[in-house]
Amino acid sequence: MSRLTSYHDYAVTAQDCLDGRPPPDDMGRFQFYTGPIEFPLAKVKSSALIFEFYQSRNKEVEQSELDERRKKLYKRFKDQVFLAHVAIEQVTPYGTVRNLRGPLAHLFRAVNLMTELKDYDDEHPVHWSEVYPHESMQNETSPVNFWLNYKLESVQPCLILLVQIFRLVFPDRLDIWDEWESSLEKKEWILQFVLDSAKSQRRSLLPYPPIRSDIVGNARSLG
């Protein structure tokens with residue numbers, strides 16, 4: 001089971017290595033690749049497809065009754081994921097690992113924005129009226145689980161590109177990247193992924209942490 005915080009930590013480490021800084025001690029020892037890379041990267045969708053995907057989803061968010069903070073964070077998140085895919089396409093046909101620094105910076109911002117959105121949602125749980133504005137749309141899926149499912153579907157392209165970058169930067173950890181990539185390709189990956197943050201991890205260490213359901217639904221309604 002993979003977590004958003006794990007992607008965040010490896011993104012920090014990759015940026016440190018690309019910038020010539022030593023990685024954090026708690027990340028262990030690993031090989032850092034510095035050789036040539038062939039572009040475009042395998043298994044990464046084109047920026048046109050990514051744009052189409054997020055354009056549709058952002059339209060749903062903008063036309064929904066979600067509060068303005070949620071809308072703003074979601075828009076900023078999807079913009080960074082799209083820019084990362086554009087940056088990857090601008091390197092053709094060959095480059096080096098250093099060319100991954102720009103796309104990685106966009107993805108790191110995207111992960112941070114999704115983390116910020118997650119923390120905001122924890123502190124201000126989404127209300128029924130935000131995702132089911134009409135009474136006839138309400139169903140057994142709670143608004144919290146509906147919105148969680150929506151965020152997870154939205155973060156998948158970001159995670160897929162991050163895995164491909166990690167695979168190139170840290171080739172001696174292919175077992176991890178193979179596991180993460182395989183997980184993202186499964187239909188049930190949403191049920192196996194934990195959308196967490198450093199703040200939520202600290203809360204989980206409390207003697208009596210609040211109990212929250214991690215089950216996500218497949219209901220579709222935002223407005």
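Count residues from 1 along the sequence.
- For the atom pair CG (L117) and CZ (R70), the distance works out to 7.5 Å, reported to the nearest 0.5 Å.
- Counting non-hydrogen atoms of other residues, nucleotides and ligands closer than 6.0 Å to CD of E62 gives a total above 12.
- Using a 4.5 Å heavy-atom cutoff, the side chains of L66 and Y74 are not in contact.
- In plain terms, the two heavy atoms of P143 and V126 that are nearest each other are O-CG1, 3.2 Å.
- Residues Y10 and W177 place their aromatic rings such that the two centres sit under 6.0 Å apart.
- Following chains of ILVMFWY side-chain contacts shorter than 4.5 Å, one can reach F166 starting from L174, so the two form part of one hydrophobic cluster.
- Side-chain contact between Q80 and L83: present, with at least one pair of heavy atoms (C-beta onward) separated by less than 4.5 Å.
- We find that R21 and D19 are joined by a salt bridge, their nearest charged nitrogen and carboxylate oxygen being less than 4.0 Å apart.
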task: For V81 and H106, run side-chain contact (heavy atoms from CB on, under 4.5 Å): C-alpha distance rounded to whole Å, both residues' side-chain angles, the deciding distance at 0.1 Å, then the answer.
output: CA-CA 7 Å; V81 181; H106 287 299; over 6 Å; no
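- Of the residues listed (N99, L100, V169), the one engaging I37 in a side-chain contact (heavy atoms from CB on, under 4.5 Å) is L100, and it is the only one.
- Cation-pi geometry between R57 and Y150 is satisfied (NZ or CZ under 6.0 Å from the ring centre, within 45° of the ring normal).
- Taking a cutoff of 4.0 Å between a charged side-chain nitrogen and a carboxylate oxygen, K71 and E65 do not qualify as a salt bridge.
- Under the 4.0 Å criterion applied to side-chain N and carboxylate O atoms, D121 and K118 are not assigned as salt-bridge partners.
- Counting heavy atoms from C-beta outward, D122 and S200 have side chains that approach closer than 4.5 Å.
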Audit row: F193, S183, side-chain contact (heavy atoms from CB on, under 4.5 Å) steps and yes/no: CA-CA 9 Å; F193 189 83; S183 174; over 6 Å; no
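- Remark: K75 NZ to L73 CG distance equals 12.0 Å, nearest 0.5 Å.
- Heavy atoms only, all atoms of each residue included: A84 and P103 are closest at CB-O, 3.6 Å.
- Contact of the H85 side chain with the F51 side chain is not registered, since no non-hydrogen atoms from C-beta on lie closer than 4.5 Å.
- Using a 4.5 Å cut-off on side-chain heavy atoms (C-beta onward), Y33 and F170 make no contact.
- If you take CG on N58 and NZ on K78, they are separated by 4.5 Å, rounding to the nearest 0.5 Å.
- Residues R76 and R109 are not in side-chain contact: their nearest non-hydrogen atoms beyond the backbone lie 4.5 Å or more apart.
- Between K199 and E123 there is a salt bridge, with a side-chain nitrogen of the basic residue lying less than 4.0 Å from a carboxylate oxygen of the acidic one.
- Among all heavy-atom pairs drawn from P157 and I50, the shortest one is CB-CD1, 3.8 Å.
- Of the inter-residue distances, the one linking E130 atom CD with H124 atom NE2 reads 11.0 Å to the nearest 0.5 angstrom.
- Using a distance-only test at 3.5 Å, with no hydrogens or angles considered, a donor-acceptor pair links the side chain of T13 to the main chain of D9.
- A distance of 5.0 Å separates OH in Y7 from CG in L159, rounded to the nearest 0.5 Å.
- Side chain of D196 to backbone of R3: no donor-acceptor contact under 3.5 angstrom is found.
- Taking the side chain as every heavy atom from C-beta outward, I176 and R173 approach each other to under 4.5 Å.
- Ring centroid separation for the pair F82 and Y54 does not come in under the 6.0 Å cut-off.
- Using a cutoff of 4.0 Å between basic side-chain nitrogens and carboxylate oxygens, E185 and K43 are scored as salt-bridged.
- Side-chain contact between L195 and T115: absent, with no pair of heavy atoms (C-beta onward) separated by less than 4.5 Å.
- Residues Q201 and T5 have side chains that bring a donor and an acceptor to within less than 3.5 angstrom of each other.
- Here the straight-line distance linking atom CG of L162 with atom CG of L4 works out to 9.0 Å at 0.5 Å rounding.
- A donor-acceptor pair is defined here as one N or O able to donate and one able to accept, closer than 3.5 Å; no such pair exists between the side chain of Q164 and the backbone of L41.
- Judged purely by atom type and a 3.5 angstrom limit, E181 has no side-chain atom pairing as donor or acceptor with the backbone of D178.
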